[in-house]
Each structure stands twice: as structure tokens, then as C-alpha cells.
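For ligands, and for the atoms within them, numbers begin at 1 and follow the listed sequence.
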Amino acid sequence: MGTDSGGSPVLMDLEELLATRLLVQGNSGSGKSHLLRRLLEGSAGLVQQVVIDPEGDFVSLSEAFGHVSIDAAEYSLPDVARLAVRIREHRASVVLNLEGLELEEQMRCAAALLGGLFEAPRELWYPALVVVDEAQVFAPAGAGDVSDDARRASLGAMTNLMCRGRKRGLAGVIATQRLAKLAKNVAAEASNFLMGRTFLDIDMLRAADLLGMERRQAEVIRDLERGQFLALGPAISRRPISVRIGAVKTAAKSGSPMLIPLPSAPAADMEDLLFAPGTNEPPPPPPPPPPAVPADDIIRNLAAPAPPPVPQTPVIGPEEQETVVAEIFAEIVAEGGQHPPASLYQDFQLRCRMRGASAALDMTEFGRRLAMARAGIADPDDYEESIALGACLPDEMLAPFLAIAVAARQGADCPSDAALAALYGTSSAGRARRMLAFIEEKGLIVCRTDLSGRRSITLPHLGWTTAAAPPDPSTPSRLARIDARPRRSATGR
Ligand SMILES: Nc1ncnc2c1ncn2[C@@H]1O[C@H](COP(=O)(O)OP(=O)(O)OP(=O)(O)O)[C@@H](O)[C@H]1O
Ligand SMILES: [Mg+2]
């Protein structure tokens, strides 16, 4: 593989590796892919190799060593699974190039190949190294943005490879940038480790754990150079040793970025260059000619009456607009249910569009209007001061506060705990009472309980008080009595 700190060669015992698998970890650029390439090149004539290559880095092995490069984008998943059986049958060394596939497709494709290798009939269980670069992609530690079934398929195939592959002749060799992102059971099945430069504590600690080192000792992993790895395992060394990985014959497609002197053109020239009309560029392709129309069709079209113009979306006048918006709020309130504000807002916008209203409320204004509608306020002018007072409360307390204001203004019964809880978005009377205490602390209301246990609430700024009512009435539907609308028309406001 390379040389140790004293310059002596470090060897990899291939037969031992087949039985004990290998895990390589190191940050991006630490030299993992280079290390895998060194191992593949060194063992190419000795053992069958199957490489799962998410970046298309290893296809260069085909020219120098005769690996068959399989461009995954050209095959269906069942094709890949069938190919896997042939690969075992003919003991062919292959590189499965997953470059150009979406992440989820990469996972499914790797799962199909690994599954096919794993399920091959017993008489085909010849030994093979199965090398997986960027293994955290195929065996992720947690759920990511991919669908559950893709993740399950790929994680299952990787687990089979690392946990149950040995008997079938499959020896997993996996590399990952982040141990913490690799499924634990997949990492734990390797008995050989090559740990490269690692910065994050969480990865370093897991690496130390796998190498059986103390945390303090593990600090050396931080100081490793590119291409230098701490090695341990029955196929390499029974004690942790440092290995400097040797040179490779084939090249990776992607090299390391190097500094290249920048052009010395002054800024103004650069601007000219960027915006200059293209002189030596090929002209853009002309638009395709319209398809030829038979003369008969042209004549028929000329004779036909012009199609009616597409009607514009009807936009209703400002007054009707307000009525429609109020109706929509009433519908949303009547439908009830506990939905997150964002989805209610989306639903509101959709309903507006469906009725030709312009839905010109932002999310905050929508929240305010919804609270008013829930409290039974149809005309905001009646409750201007209450709404202004409620502005200092958290959004979710506005509806219950306004419901109290409505009841108080009408002298109706004080809303029950259950009614206030529903408006607060909870079913807990205790939470409703804590909310009341909070609003009272703010000085917006004063609660009073009389000797028979009936509660009344006063809004001291406005001089309104609700009628006293039991906070937990056995009779249902007190909320019906705090509807503001009939009373408002009775007072003429
Ligand atoms: N032992 C080495 N000797 C010489 N060059 C090396 C060695 N190891 C790595 N390099 C070079 O360093 C660069 C990065 O290495 P490599 O691509 O193997 O990193 P990596 O760990 O696989 O990174 P990533 O996780 O981003 O794929 C490459 O250009 C590679 O040629
Ligand atoms: Mg790499």
C-alpha cells in the first residue's frame, strides 16, 4: 500500500482482507479515492473487483487493467441485477459508473447490483473485492431527502455486503468522508481500518472508537497529511501504524485544485470581454422553421370565423372583494380543525383566486383577520381598540382575547375555558387558564370569580365586562352566545 513512518513497505494481505473487510475514512481531499485506486491497481491481477463509483472516478481502470465500465444511466434496474449475476459467473472486474444519475437513482442502482451479486447461486460464490466509494451515500446513518424505499433498498444491500457477504465471497471495501454519516452497523462490520485526516470531533471520536484508541491518542488523526493514514486490522497490522500511500498508475478524472495565476487584464477590459458581442463564437442556431401546412388547411382556416378571445380572469370590484374575503374567512372558521397557519394561508389564497378576488393580504394581516373571524368579529371598525391592544400578545392569543372582547362588549357570558382553549388551538383547559393569566399579567384583562364560582372578565382599557358564567359549564355551546353580529346591528354600529 505504501510505506510506514520508518520508510518500510506496508503490505495488504489480500486473503485476510477478503475475510475481514476494510473501512477507509477521511475528510474530502484526504486521499481515500487515491488509496482505493492503489489497492485496486495492486490487486487487479489477483482478485476479481467490483467498484461502485458515484463520481465516475475509476473508469480509467478499464484501459490499464481491463475493467469493464458499466454506464449505469444506460441500463434499467432489472438489467443491472442480471448483469450482476453474469459478473459473478464470468468473474469479471467491473466499474459501475453512477455519474450523471440523481442521488436516489444512484442508490437504487447500487442496490440492484449489490443485490444481484449477493443473490447469485452458490456455485458462483467466487471471491471478489466490492469497493464502494462515498459509502455514506449508499448506507446513510439517518433519513435524508431521498425516498424511504430507495434508502431502505440501498442500506439493506450495503448491510448484506458488510454483514453477510463473506460467506458468499464478497469482501466489502468502503470509503467515507464522514463516519458519523455512515450507518453504524455497516461501519462496524469491517475489521480493517485506514483512517485519514479528520477534523470534526464527532468523526474523530468514532474513528478512535473503531481503532480502540483513547481520545487523546486519536488527536493524531487531525494532524495526518494528505495521503497519510492510520492503519489497523488483521490484513494490515495488528497495531496502529501510520502509512503513506504510494503512487498510482492510472489517473483520477478529478484532480486536486491548484492555484493558477489569474489573468492580468484591467477591470474595464474584463467588462468589455464579458459583454462583447460574440465574434468568433458560432451563431445561435436559427429557430426551427414552422411545419409546412397544406394549402387546403390554410384556405379552410382563412374561411373559418376567428376564435373567440380568451376571457381574462374576472377581477371583482373592491366592495365585492371585501364581501368575498369575509365569506372565505367565515368558511375557514366554520370548517374548524387545527391546521398550521402557513397552510391555512395557502388555502385562503387559493380560495381567493378561485373566486376572482385578489387576496392582497400578507401572512401577518391574514393571521389578524383570521383571529377576528374566529372571535366572531365581522366588522373590524367595531373592535379597532381591542385589536390594537391585542397587538402586544403572541399571535395565537389574539383570537381568544378578541372573543373575550366581543363577549365583554355585548355583556354576554364570559367564554368558558373549553371555548377559549379551542380558540387558542389546544384542548387543554389548563393551558387556556395559563393563557388568561398571561393576558392578565399584561394588564389587558382582569378576571374575577364570584362566590358561586362564576367568572367574569373586564377589559379595563375599554370599560367592558362580560356577564359572569361558570368557566366549565356542563351545558355545551356557550360560544354561540358570543357572536357579535346580531348585537352590532341592534346598536346600529
Ligand atoms: N498518497 C497520495 N500521493 C499523491 N497524491 C495523492 C495521494 N493521496 C491523494 N492524493 C491526491 O490528492 C487529491 C485528493 O485525493 P482523493 O481524490 O483521493 O481524495 P478523497 O479523500 O477521495 O476526497 P473526496 O472525499 O472529496 O473524494 C487527488 O488529486 C490525489 O491525486
Ligand atoms: Mg474521493
Ser28 N/O/S atom closer than 2.8 Å to the Mg ion (ligand 2)
no
Does Asn27 come within less than 4.0 angstrom of ligand 1, counting non-hydrogen atoms of the residue?
yes
Is the shortest distance from a heavy atom of Gly26 to ligand 1 less than 4.0 Å?
no
Verdict with supporting geometry, Leu344 and Phe366, side chain to side chain contact (heavy atoms under 4.5 Å, CB included):
CA-CA 9 Å; Leu344 281 178; Phe366 168 77; 4.0 Å; yes
Please determine if Arg168 forms a cation-pi arrangement with Phe118, meaning its NZ or CZ atom is less than 6.0 Å from the six-membered ring centre and no more than 45° off the ring axis.
yes
Could you list the atoms of ligand 1 found under 4.0 angstrom from a heavy atom of Glu134?
25 (O), 27 (O)
Is the shortest distance from a Lys or Arg side-chain nitrogen in Lys181 or Asp203 to a carboxylate oxygen in the other one below 4.0 Å?
no
Any ion pair linking Asp201 and Arg222 (charged N to carboxylate O, less than 4.0 Å)?
yes
Just so I know, are the side chains of Met435 and Glu396 near enough to count as touching, which here means a heavy-atom distance under 4.5 Å?
no
Is the ring pair Phe65/His67 parallel, tilted or perpendicular, if the boundaries are 30 and 60 degrees?
perpendicular
Could you check whether any side-chain N or O of Gln25 sits under 3.5 Å from a backbone N or O of Ala207, counting only pairs where one atom can act as donor and the other as acceptor?
no
Please say whether Ile245 places an N or O atom under 3.5 Å from an N or O atom belonging to ligand 1.
yes
Please confirm whether Leu35 comes within less than 3.5 Å of ligand 1 when only nitrogen or oxygen atoms on both sides are compared.
no
Heavy atom under 4.0 Å from ligand 1: found in Gln228's side chain, backbone, both, or neither?
neither
Can you tell me which portion of Arg226 lies within the under-4.0 Å heavy-atom range of ligand 1? Options are side chain, backbone, both, or neither.
side chain
Out of Arg244, His34, Gln177, whose heavy atom is nearest to atom 2 (C) of ligand 1?
His34
